**Q** 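Here it is, the structure, as structure tokens.
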Amino acid sequence: MSNTYAIVLAAGQGTRMKSDLYKVLHPVCGKPMVAHVIDNIKKLEAKRIVTIVGHGAEQVEQTLGAKSEYVLQEEQLGTAHAVGQADSVLGNLEGTTIVVCGDTPLIRSETMEALIAHHNESGAKATILTAHADDPTGYGRIVRGEDGQVLRNVEHKDATKEELEVTEINTGTYCFDNKSLFETLKKVTNDNAQGEYYLPDVIGILQAEGARVSAHVTSDFSETLGVNDRVVLSQAEGVMRNRLAEMHMRNGVTIISPENTYISADAEIGRDTILQPGTMIEGTTKIGEGCTIGPNSQIVNSVIGNESTVHSSVILESSIGSNTAVGPFAHIRPESNLGNHVRIGNFVEVKKSTLGDGSKSAHLSYIGDAIVGTDVNFGCGTIVVNYDGKKKHTTIVEDNAFIGCNSNLISPVTVGKGAYVAAGSTITKDIPEDSLAIARARQDNKEGYVSKLKLN
Ligand code: UD1
Ligand code: MG
């Protein structure tokens, strides 16, 4: 939008969260609140986006990176004081400025667009985004005149008994004529219950000066939740979870029990994939088409191809090919790469290892720091002994090798192409291709020995 600017307020400590983590960095569906706000603002194509930082400035800047410019509010004297810090960057510009709080992660970009459109059409100097709340406790209340005209906002702590009855609340999102905003901020005082400079006072001041001010009422209160404590944080999580589940279902993903499925805001899931209950898709996970995930699986920052299944398993920071089956009860640890048509079965742990197409480890094994070719079979109970107590070593298992049950591969070691390892072997030397390695004591049958023992 032409000549639109945005300011995000993110300098507060968030005392009511009772947390070491700065409020706006608390995640909602795996993504920091302020990142939700910025990503939605990004869709507005504002000319400049300025985030006001203070508490946790470094972490906030690190989280948002180049998506925003930053201005420091050294002392947190209130939301009007916070916006005032942007004067040196935006103060002289002609245009419309939208201000959004960093603790309102649910406001959609469509709602912000509607607010800006309403503001520009009405010709108001300031437009406040409001909503009707069943329980308005804690929010600023909108005071309207007899003709319904917006007069001002009053904070909960400053409100009279009658004003506390008002259910129309300030969502903390506003649109201003940019120049009027910065001129009026200078007139805001901190003469109130909290001794703070309140941004919504700009509305009342402009109105009293005879300027046109307006309100845009949004119908969905849940969208405007301001997260000030952990109770509202969990409500916001619930709203976002439902919203994300609905988006994925509309895109062709089956979610058997949305209330028991957790999908991060940044996850991608292909059509005809089925999510069973108890599934958590976290971080930037990308899942292809036609997969079945769950029940009871956790997948974090991983990529999964098409037609694969993950049953009751944990997959962390790894990539899984297509037509691959993981679980039940498998643990795929970071930096693992499983190819296509791979099978990882129950009680198998894979760590920082690559398994080529068609390779299998169906039961009770540990594969760590290994480079495994295609169509390799690990028998039940294979252990890759990658750690000597000081260092991790690499094991190479070439294509078509067959590792017998209950074998140890002492790293570093290479099993050549097509080689066989006899069950129960402890392999300490490289095995040439096409060879059978037997590394176990020969069996000795002492005939009649048991009866002799029993006689004594
Ligand atoms: C604010 C509004 C209230 C509204 C509610 C909506 C004011 C005075 N009140 O109250 O009318 O109903 O939001 O959620 O604005 N911040 C700074 N610097 C400061 C103070 C705050 O950057 O000096 C930031 C915070 O990090 C936060 C945002 O501004 O992201 C809002 O501050 P918060 O303390 O949460 O205000 P509320 O009490 O929720
Ligand atoms: Mg708040």
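For ligands, and for the atoms within them, numbers begin at 1 and follow the listed sequence. Note that this is a predicted model, so its numbers are computed, not measured. Index from 1, following the sequence.
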**Q** Using a 4.0 Å heavy-atom cut-off, say whether E155 meets ligand 1 through its side chain, its backbone, both or neither.
**A**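 Only the side chain of E155 comes within reach of ligand 1.
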
**Q** Looking only at heavy atoms, is any part of A10 under 4.0 Å from ligand 1, and if so is it the side chain, the backbone, or both, or is it neither?
**A**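 For A10, only backbone atoms sit under 4.0 Å from ligand 1.
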
**Q** Is there a donor in the side chain of D266 and an acceptor in the side chain of S264, or the other way round, less than 3.5 Å apart?
**A**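 No, no side-chain donor-acceptor pair sits under 3.5 Å.
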
**Q** Would you indicate which of L225, N153, T79 comes nearest to atom 21 (C) of ligand 1 when only heavy atoms are counted?
**A**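 Comparing heavy atoms across L225, N153, T79, the nearest one to atom 21 (C) of ligand 1 lies in T79.
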
**Q** Of all the N, O or S atoms in D103, which has the shortest distance to the Mg ion (ligand 2)?
**A**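 Looking only at N, O and S atoms of D103, the one nearest the Mg ion (ligand 2) is named OD2.
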
**Q** Atoms of ligand 1 less than 4.0 Å from G226 heavy atoms?
**A**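 Listed by number with element, the hits are 14 (O).
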
**Q** Any idea which atoms of ligand 1 are less than 4.0 Å away from a heavy-atom of D103?
**A**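 In order of number, 30 (O), 35 (O).
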
**Q** Are any of the side-chain heavy atoms of T79 and P200 separated by less than 4.5 Å?
**A**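 The answer is yes; the side chains approach within 4.5 Å.
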
**Q** When you compare the side chains of T224 and T171, does any donor N or O come within less than 3.5 Å of an acceptor on the partner?
**A**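 The answer is no; no qualifying pair exists.
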
**Q** Strictly less than 4.0 Å: does any protein heavy-atom distance to atom 31 (C) of ligand 1 fall in that range?
**A**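 Neighbour list for atom 31 (C) of ligand 1 includes protein heavy atoms (cut-off 4.0 Å).
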
**Q** Is it the side chain (CB and beyond), the backbone, both or neither of I169 that lies under 4.0 Å from ligand 1, heavy atoms counted?
**A**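 Neither; no heavy atom under 4.0 Å.
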
**Q** Does any non-hydrogen side-chain atom of V227 lie less than 4.5 Å from one of P105?
**A**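 Side-chain contact under 4.5 Å: yes.
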
**Q** Which one holds for L77 and ligand 1: side chain close, backbone close, both close, or neither close, with close meaning a heavy atom under 4.0 Å?
**A**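 Only the backbone of L77 comes within reach of ligand 1.
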
**Q** Out of all atoms in ligand 1, which are within 4.0 Å of some heavy atom of Q73? Include the element for each.
**A**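 So the atoms of ligand 1 that pass are 17 (C), 18 (N), 19 (C), 22 (O), 23 (O).
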
**Q** Under 4.0 Å from ligand 1, counting heavy atoms only, is it the side chain of K23, its backbone, both or neither?
**A**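 Just the side chain.
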
**Q** Starting from atom 22 (O) of ligand 1, which protein heavy atom do you reach first, and at what distance in Å?
**A**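 Going by distance alone, atom 22 (O) of ligand 1 is nearest to A11 N, 2.9 Å.
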
**Q** Does a side-chain N-to-carboxylate-O contact under 4.0 Å join E165 and K161?
**A**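 K161 and E165: not salt-bridged.
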
**Q** Does a side-chain N-to-carboxylate-O contact under 4.0 Å join R144 and E168?
**A**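 E168 and R144: salt-bridged.
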
**Q** Nearest heavy atom to atom 12 (O) of ligand 1: which of N170, T104, I142, V60 does it belong to?
**A**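 Result: the heavy atom closest to atom 12 (O) of ligand 1 is in N170.
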
**Q** Have T97 and N178 got a donor and an acceptor in their side chains that come within less than 3.5 Å?
**A**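 Yes, N178 and T97 have a side-chain donor paired with an acceptor closer than 3.5 Å.
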
**Q** Check whether any N, O or S atom of N228 sits under 2.8 Å from the Mg ion (ligand 2).
**A**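 Checking the Mg ion (ligand 2) against N228, an N, O or S atom does fall under 2.8 Å.
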
**Q** Around atom 29 (O) of ligand 1, find the nearest protein heavy atom and jot down its residue, atom name and distance.
**A**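 Checking every protein heavy atom, the shortest distance to atom 29 (O) of ligand 1 gives L9 CB, 3.3 Å.
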
**Q** Please work out whether the ring planes of H216 and H118 are parallel, tilted or perpendicular, with thresholds of 30° and 60°.
**A**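 H216 and H118: perpendicular rings.
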
**Q** Give yes if a backbone or side-chain nitrogen or oxygen of G12 is under 3.5 Å from a nitrogen or oxygen of ligand 1, and no if not.
**A**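 N/O-N/O distance under 3.5 Å: yes.
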
**Q** Hydrogens and angles aside, do S319 and N337 bring a side-chain donor and acceptor to less than 3.5 Å of each other?
**A**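 S319 vs N337: donor-acceptor pair found between side chains.
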
**Q** Using heavy atoms and a 4.0 Å limit, tell me yes or no: is G54 in contact with ligand 1?
**A**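 Under 4.0 Å: no for G54.
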
**Q** Side-chain contact test, heavy atoms from C-beta onward, threshold under 4.5 Å: evaluate it for V213 versus Q149 and give yes or no.
**A**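 Side-chain contact under 4.5 Å: yes.
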
**Q** Find all atoms of ligand 1 within a distance of less than 4.0 Å from any non-hydrogen atom belonging to C101, and give their numbers and elements.
**A**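 Listed by number with element, the hits are 28 (C), 31 (C).
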
**Q** Short list, please: which atoms of ligand 1 are under 4.0 Å from a heavy atom of A82?
**A**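 Close to A82: 17 (C), 18 (N), 22 (O).
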
**Q** If you measure from the Lys or Arg side-chain nitrogens to the Asp or Glu carboxylate oxygens, is any gap between D39 and K67 under 4.0 Å?
**A**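 Yes, D39 and K67 are salt-bridged.
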
**Q** Tell me if the centroids of the rings in Y387 and Y366 come within less than 6.0 Å of each other.
**A**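 Not close enough - the centres of the two rings lie 6.0 Å or further apart.
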
**Q** Among T127, T4, N120, which residue satisfies the side-chain hydrogen bond (donor to acceptor under 3.5 Å, both in side chains) criterion with T96?
**A**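 Testing each of T127, T4, N120 against T96, the sole residue satisfying side-chain hydrogen bond (donor to acceptor under 3.5 Å, both in side chains) is N120.
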
**Q** For ligand 1, which atoms sit closer than 4.0 Å to a heavy atom of N228?
**A**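 Close to N228: 35 (O), 39 (O).
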
**Q** Assess the side chains of S222 and D220: does a donor N or O sit below 3.5 Å from an acceptor N or O?
**A**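 Yes - a donor-acceptor pair under 3.5 Å links their side chains.
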
**Q** Suppose I only count heavy atoms of T171 and a 4.0 Å limit; which atoms of ligand 1 are within that range?
**A**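 Near T171, meaning under 4.0 Å from one of its heavy atoms, ligand 1 has 6 (C), 14 (O).
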
**Q** Can you tell me if R16 has a non-hydrogen atom under 4.0 Å from ligand 1?
**A**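 For ligand 1, residue contact (heavy atoms, under 4.0 Å) with R16 is present.
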
**Q** Backbone or side chain, does any N or O of G172 fall under 3.5 Å from an N or O of ligand 1?
**A**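 In this structure, G172 places no N or O atom under 3.5 Å from an N or O of ligand 1.
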
**Q** With respect to L199, determine whether any N or O atom, backbone or side chain, lies less than 3.5 Å from an N or O atom of ligand 1.
**A**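 So ligand 1 has no N or O lying under 3.5 Å from an N or O of L199.
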
**Q** Which atoms from ligand 1 have a heavy atom of G140 less than 4.0 Å away?
**A**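 The atoms of ligand 1 under 4.0 Å from a heavy atom of G140 are 3 (C), 4 (C), 11 (O), 12 (O).
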
**Q** Give me the residue, atom name and distance of the protein heavy atom closest to atom 23 (O) of ligand 1.
**A**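 In this structure, atom 23 (O) of ligand 1 has G78 N, 2.9 Å as its nearest protein heavy atom.
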
**Q** When you look at K23 and D103, which way does the salt bridge (Lys or Arg N to Asp or Glu O under 4.0 Å) test go after all the steps?
**A** CA-CA 7 Å; K23 176 165 76 173; D103 66 350; 2.9 Å; yes

